[in-house]
Amino acid sequence: KQEVTQIPAALSVPEGENLVLNCSFTDSAIYNLQWFRQDPGKGLTSLLLIQSSQREQTSGRLNASLDKSSGRSTLYIAASQPGDSATYLCAVPNNAGNMLTFGGGTRLMVKP
Amino acid sequence: DAGITQSPRHKVTETGTPVTLRCHQTENHRYMYWYRQDPGHGLRLIHYSYGVKDTDKGEVSDGYSVSRSKTEDFLLTLESATSSQTSVYFCAITERQELSGEQYFGPGTRLTVT
């Protein structure tokens, strides 16, 4: 059974710092990996989707990398801003592609 | 943002009553999903649909049923609500599984069973 872990569970940084969020998964036979953002009391917003054939994907100040062989993905946030404060979740589909398994999330606080 | 709405957004109900949550999409996507989110358990799949009238169970399907009579609507029913079903429920959609698989989520329904 696929297990997804995110470390750290919480992170507090001053504004302007570059930071890395980690996601690890136990079964490397994945089709893709998706990063989401969730604000308190809100739904999930898709940030980046990396296909299994890709090594990384970029959107603005966000860069996500994928290393299937080691079962890891990282989300890099450049020049963090208070508006980046949220919980960040990673998720991978199962072999049938009909279910996402989510990590527990990293709760990020960027202090002004 | 993907065109997904959920109704109601908040509901308080009593143990033993039936409850139906609705997910509506305007994207004409084939696949729709119901998840629940709980502290300490994260997001878990309840049921999903791969087409009109085609549904299947997810990880935590006991006590829930679903129906999909139109592409745009996916209903989640709690036949007899229990306190353990107090949760935040999210609907999600995707155009394709496997090869693409990017899922888009609705705003959620907060359900409290007293």
Side-chain angles (χ1 to χ4, degrees), chain A residues 1-7 9-10 21 23-27 29-54 57 59 62 64 66 68 73 86-107, chain B residues 1-7 9-10 21 23 25 27 29-51 54-61 66 87-111:
Chain A
K1 179 184 175 185
Q2 177 76 268
E3 293 183 3
V4 181
T5 304
Q6 291 185 248
I7 294 173
L21 307 181
C23 172
S24 61
F25 44 94
T26 55
D27 184 349
I30 60 171
Y31 292 108
N32 55 56
L33 184 143
Q34 196 167 355
W35 281 94
F36 294 90
R37 167 186 174 139
Q38 185 175 29
D39 293 287
K42 304 292 186 182
L44 279 69
T45 300
S46 178
L47 296 174
L48 290 163
L49 174 75
I50 314 177
Q51 299 294 349
S52 60
S53 58
Q54 297 175 313
Q57 190 73 260
S59 175
L62 305 180
L66 176 63
K68 281 182 57 177
S73 175
T87 296
Y88 291 81
L89 298 151
C90 65
V92 295
N94 62 354
N95 289 340
N98 55 15
M99 184 177 85
L100 286 181
T101 299
F102 283 84
T106 294
R107 191 171 64 254
Chain B
D1 288 344
I4 310 171
T5 56
Q6 293 184 232
S7 58
R9 294 293 314 281
H10 301 271
L21 309 182
C23 176
Q25 61 145 329
E27 306 296 320
H29 284 355
R30 177 180 175 186
Y31 300 93
M32 299 185 74
Y33 308 83
W34 277 108
Y35 292 87
R36 60 178 290 175
Q37 185 175 35
D38 305 287
H41 292 280
L43 278 139
R44 294 175 292 174
L45 182 69
I46 305 171
H47 281 280
Y48 68 98
S49 170
Y50 47 96
D54 293 323
T55 65
D56 206 347
K57 297 179 180 180
E59 186 181 0
V60 290
S61 59
V66 290
S87 185
V88 181
Y89 292 85
F90 288 102
C91 174
I93 65 174
T94 189
E95 184 175 13
R96 294 183 292 169
Q97 293 189 152
E98 297 135 359
L99 295 182
S100 175
E102 186 165 9
Q103 290 198 12
Y104 301 96
F105 281 72
T109 294
R110 184 173 296 275
L111 176 68

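The chains referred to below are lettered A, B, ... by the order of the sequence lines, with proteins before strands, and numbering in each begins at 1.
- Ring orientation note: the planes of A:Phe36 and B:Phe105 are nearly perpendicular, at an angle over 60° on the 30°/60° scale.
- At a 4.5 Å heavy-atom cutoff, A:Gln6 makes no contact with chain B through either its backbone or its side chain.
- Only the side chain of B:Gln37 has a heavy atom closer than 4.5 Å to any heavy atom of chain A.
- Aromatic ring orientation, B:Tyr48 versus B:Tyr50: tilted (interplanar angle from 30° to 60°).
- Of all the listed residues (B:Pro107, B:Gly42, B:Ala92, B:Gly108), the one sharing the greatest number of non-hydrogen pairs under 4.5 Å with chain A is B:Pro107.
- Looking at A:Leu89, only its side chain comes within 4.5 Å of chain B, counting heavy atoms on both sides.
- The shortest side-chain heavy-atom distance between B:Glu59 and B:His41 does not fall under the 4.5 Å cut-off.
- For B:Asp38, the salt bridge (charged side-chain N to carboxylate O under 4.0 Å, His left out) partners are B:Arg36, B:Arg44, not counting sequence neighbours.
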